[in-house]
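These notes are about the structure you will find just below.
Chain naming here is simple, since letters A, B, ... match the order of the sequence lines and numbering starts at 1 in each. Note that the coordinates shown come from a computational prediction; the quantities given were computed from them, not determined experimentally.
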Amino acid sequence: MNKKIIIRTLEKIALYMELKGENPFKVSAFRKAAQALELDQRSLDEIDDVTKLKGIGKGTGDVILDLMENGKSSVLEELQEEVPKGLVPLMKLQGMGGKKIAKLYKELGIDSAESLKQACLDHQIQKLPGFGPKSEEKILKELMEFDSKPGRHPIWKTEEAVEFINGVLSGIEEVSEYSVAGSYRRTKETSKDLDFIVATAQPAIVKEQLLDALPIQETIASGDTKVSVTVEFQDPIDIDFRLVAPEEFVTALHHFTGSKDHNVKMRQLAKSQNKKISEYGVEQEDGTVATFASEADFYAHFGLPFIPPTVREDGRELDLLDDISKLVDLADIQGDMHMHTTWSDGAHSLTEMIDACRAHNYNYMVITDHSEYLKVANGLTPERLLKQNAEIRELNEKYGDIEVLSGTEMDILPDGTLDFDDSVLEQLDFVIASIHSSFQQPQEQIMARLLTAMKNPHVDMIAHPTGRIVGQRGGYDPDMEQLLDWAKEYGKIVELNASPYRLDLAVEHLEMAQEKGVPVAINTDAHAIEQLDVMAIGVRHAQKAWLKKDNVVNTWPLEKLKEYLKK
DNA sequence: GCCGTTTTCGGCCCGACTGTTTTCAGTCG
């Protein structure tokens with residue numbers, strides 16, 4: 001039995017219980033049990049008694065046992081007989097939860113989106129106690145927009161909205177401090193909505209100015225301290241603003257940065273110290289409320305080191321405090337090993353890229369223009385590559401503060417061969433191998449292509465190993481376990497491509513790489529000097545996978561890196 | 001349903017907002 005299936009079954013049971021209107025604590029007990037399994041690094045076979053895990057007791061333990069012995073869960077099957085399947089998608093309607101849906105089913109026999117819609121049109125909903133005309137109207141409206149609303153927004157889309165709103169907030173005089181919070185601040189690759197914390201002594205004025213300045217499509221909620229709106233950018237996106245007093249800014253920022261699990265853990269910790277955390281401050285035993293000048297002070301108040309937003313996710317961060325100081329940090333990055341110039345499809349020249357990297361205080365950098373096969377990107381022929389190589393060597397003599405290495409981003413062709421001969425590759429300092437074509441090939445063929453690159457002694461790194469674009473395309477779906485095993489066997493580096501479009505490898509694959517001892521390089525793949533800045537996003541993404549500095553090759557000094565590349 | 005060096009029963013994070021009520025339940029983050 002697959003551990004993932006068990007986790008998903010427990011979550012499904014929780015969902016169905018919710019739809020029955022079950023006790024919320026019972027529901028969350030099943031979710032907690034699923035999470036306990038997920039957080040345990042061991043495989044199912046390695047856990048001798050699941051009920052020994054915190055959060056798994058008799059009830060949830062029996063479900064797991066049932067699944068392992070019979071391949072199915074009688075608890076889930078019984079629930080599925082009781083609760084119509086059509087109710088599940090209704091949970092996605094805004095403002096609708098298990099209790100309301102259970103009531104609709106019980107009182108009106110509503111068992112699907114269609115029957116709910118009909119009941120609205122027949123004005124049956126407003127007759128129910130607890131519901132009214134407004135509820136009915138809202139449900140109908142939600143149902144109409146059901147399919148057209150985008151789900152999660154990829155980070156490269158939200159970036160633009162965040163910058164726009166930052167601009168608006170910085171222009172309002174009464175705002176003393178502001179910050180984006182939520183999953184965007186934690187550098188999740190997608191966000192459901194955006195959250196902003198705004199510190200001000202005059203919330204009413206700020207609220208008015210804010211609502212004036214934004215292209216608002218719809219106002220979802222508008223209270224004294226909380227404003228929720230749908231704003232029209234490229235796509236419509238929901239944004240929450242929390243207006244707080246200046247002294248509450250830090251605790252509010254922490255609260256709304258989340259994650260929810262992190263907050264729960266923090267509040268439990270506070271409680272054990274006889275304190276109480278809310279977004280307004282930390283209530284002490286004597287009833288006074290402490291506020292803070294920074295998040296570092298807030299954590300220190302509980303005897304904790306600063307926990308970066310990137311790792312505030314599933315709660316395990318509070319058990320891994322010693323690892324926080326080992327996390328890769330932007331300040332550790334010594335060089336960028338993947339970038340393009342006007343020689344292929346970059347926007348800036350060799351010297352412009354070198355000067356930009358010097359401005360980043362890097363000790364080294366690698367020029368890696370595209371290879372011949374990639375005609376659309378003006379890929380370099382062997383002759384042009386060698387000419388560029390000579391030019392780089394000459395240029396490198398001029399700079400005392402940075403070492404400019406000569407490399408290539410070489411295509412792995414659809415037929416599985418490499419774009420350059422060994423006689424060319426051996427003249428370069430650094431060779432990247434990449435797939436840019438024929439993504440639709442079956443996995444065996446993709447893996448065969450990757451294996452050719454792995455086996456070539458001149459290849460140093462596999463770039464953007466899955467070819468995905470966040471929220472848009474899945475890539476060529478390699479067998480990641482196998483790919484990483486090969487990387488380990490043949491001594492190759494795998495890339496974390498820092499472009500917000502790619503963030504390739506994904507977090508779970510980075511975790512896998514670190515576990516297997518495969519070194520990672522965080523590179524920008526910059527096609528213009530401004531894009532060198534996405535290193536910061538790449539590093540934060542790496543933190544989400546708990547990547548340690550030592551496992552990231554471009555934190556190494558040049559000598560150590562060169563030594564490694566010789567092998 | 002799960003948990004317990006003060007607890008085997010009574011808690012389980014905390015507060016805002018909405019729409020329904022006439023003091024509060026449900027939902028959300």
Identify whether any heavy atom of F256(A) sits under 4.0 Å from a base atom; if not, whether one sits that close to sugar-phosphate; answer base, sugar-phosphate or nothing.
nothing

Among K157(A), R540(A), R468(A), the one residue meeting salt bridge (charged side-chain N to carboxylate O under 4.0 Å, His left out) with E189(A)
R468(A)

Nucleotides 17-25 of chain B: protein proximity per nucleotide (B base, S sugar-phosphate only, - neither; heavy atom, under 4.0 Å)
SSSS-----

By a strict heavy-atom criterion of less than 4.0 Å, which residues belonging to residues 269-282 of chain A are in contact with DNA chain B?
K271(A), K276(A), I277(A), S278(A), E279(A), Y280(A)

Specify whether Y501(A) and W156(A) have parallel, tilted or perpendicular ring planes, treating 30° as the upper limit for parallel and 60° as the lower limit for perpendicular.
parallel

Would you indicate whether the side-chain heavy atoms of Q35(A) and D314(A) approach each other to under 4.5 Å?
yes

Base, sugar-phosphate or nothing for G98(A)? Non-hydrogen atoms, less than 4.0 Å.
sugar-phosphate

With heavy atoms under 4.0 Å as the rule, sort K54(A) into base, sugar-phosphate or nothing.
sugar-phosphate

Look at all strands and tell whether M96(A) reaches a base, only sugar-phosphate, or nothing, counting heavy atoms closer than 4.0 Å.
sugar-phosphate

Judged by each residue's nearest nucleotide on DNA chain B, which is more toward the 5′ side, F30(A) or Q268(A)?
F30(A)

How close or far is atom P of dC14(B) from atom NE2 of H254(A), stated in whole angstroms?
14 Å

dC17(B) and dC12(B), which share atom name C1', separated by this distance in whole Å:
23 Å

Taking all heavy atoms of Q531(A) and all of D525(A), pick out the closest pair and write down the distance.
OE1-O, 4.2 Å

Between dC13(B) and dG4(B), how many Å separate the two P atoms, rounded to a whole number?
14 Å

If you measure from the P atom in dT5(B) to the same atom in dG1(B), how many Å do you get, rounded?
22 Å

Nearest whole Å is fine: how far is dC28(B) P from F241(A) CZ?
21 Å

By the definition salt bridge (charged side-chain N to carboxylate O under 4.0 Å, His left out), identify the one residue from K100(A), K99(A), R31(A), K26(A) that meets it with E18(A).
R31(A)

Take atom C1' in dC14(B) and the same atom in dT7(B), then report the distance between them in whole Å.
23 Å

For atom CZ of R267(A) and atom C1' of dG15(B), their distance in whole Å
8 Å

Tell me, yes or no, whether the heavy-atom count around N2(A) atom CG, taken from other residues, nucleotides or ligands under 6.0 Å, exceeds 12.
yes

Within this structure, what is the NZ-to-P distance between K92(A) and dC28(B), rounded to whole angstrom?
13 Å

Roughly how many Å apart are dT6(B) and dC2(B), using the P atom of each and rounding to a whole number?
24 Å

Can you measure M266(A) atom CE to dC13(B) atom P for me and round it to whole angstrom units?
15 Å

Would you say S259(A) and R312(A) are linked by a side-chain donor-acceptor pair, where the criterion is simply a distance under 3.5 Å?
no

Check every strand shown and say whether K103(A) touches a base, only sugar-phosphate, or nothing at a heavy-atom separation below 4.0 Å.
nothing

Ignoring hydrogens and geometry beyond distance, is a side-chain donor-acceptor pair present between K85(A) and S112(A) at under 3.5 Å?
no

Among residues two or more places apart or on two chains, list those pairs meeting side-chain hydrogen bond (donor to acceptor under 3.5 Å, both in side chains) that have a residue in residues 168-182 of chain A.
E174(A)-Q209(A)

Going by the rule side chain to side chain contact (heavy atoms under 4.5 Å, CB included), which residues pair with E285(A) if we only count those two or more places apart in sequence or in a different chain?
N274(A)

Select from N23(A) and M91(A) the residue whose nearest nucleotide in DNA chain B is closer to the 5' end of that strand.
N23(A)

CG of L243(A) versus C1' of dG15(B): gap in Å, rounded?
16 Å

On a whole-Å scale, what distance lies between the C1' atoms belonging to dT20(B) and dA25(B)?
9 Å

Counting distance only, does the side-chain N/O of D504(A) pair as donor-acceptor with the main-chain N or O of G467(A) below 3.5 Å?
yes

Please work out whether the ring planes of F298(A) and H254(A) are parallel, tilted or perpendicular, with thresholds of 30° and 60°.
tilted

Across the strands shown, which category fits K100(A) at heavy-atom distances under 4.0 angstrom: base, sugar-phosphate, nothing?
sugar-phosphate

If you compare every side-chain N and O of K192(A) against the phosphate oxygens of dG29(B) (OP1, OP2), does one of them come in below 4.0 Å?
yes

Spacing of E18(A) atom CD relative to dT27(B) atom C1', expressed in whole Å
10 Å

Side-chain heavy-atom pair Y280(A), E248(A) within 4.5 angstrom cut-off:
yes

With sequence neighbours excluded, residues passing side chain to side chain contact (heavy atoms under 4.5 Å, CB included) with Q217(A)
T230(A), E232(A), P236(A)

Nucleotide opposite dA16(B) in a Watson-Crick or G-U pair, distances under 3.5 Å
dT27(B)

Rounded to whole angstroms, how far apart are CD on E313(A) and C1' on dG29(B)?
14 Å

Which residues within residues 56-90 of chain A lie with some heavy atom under 4.0 Å of an atom in DNA chain B?
I56(A), G57(A), K58(A), G59(A), T60(A)

Between dT27(B) and dT21(B) - P atom distance, rounded Å:
15 Å

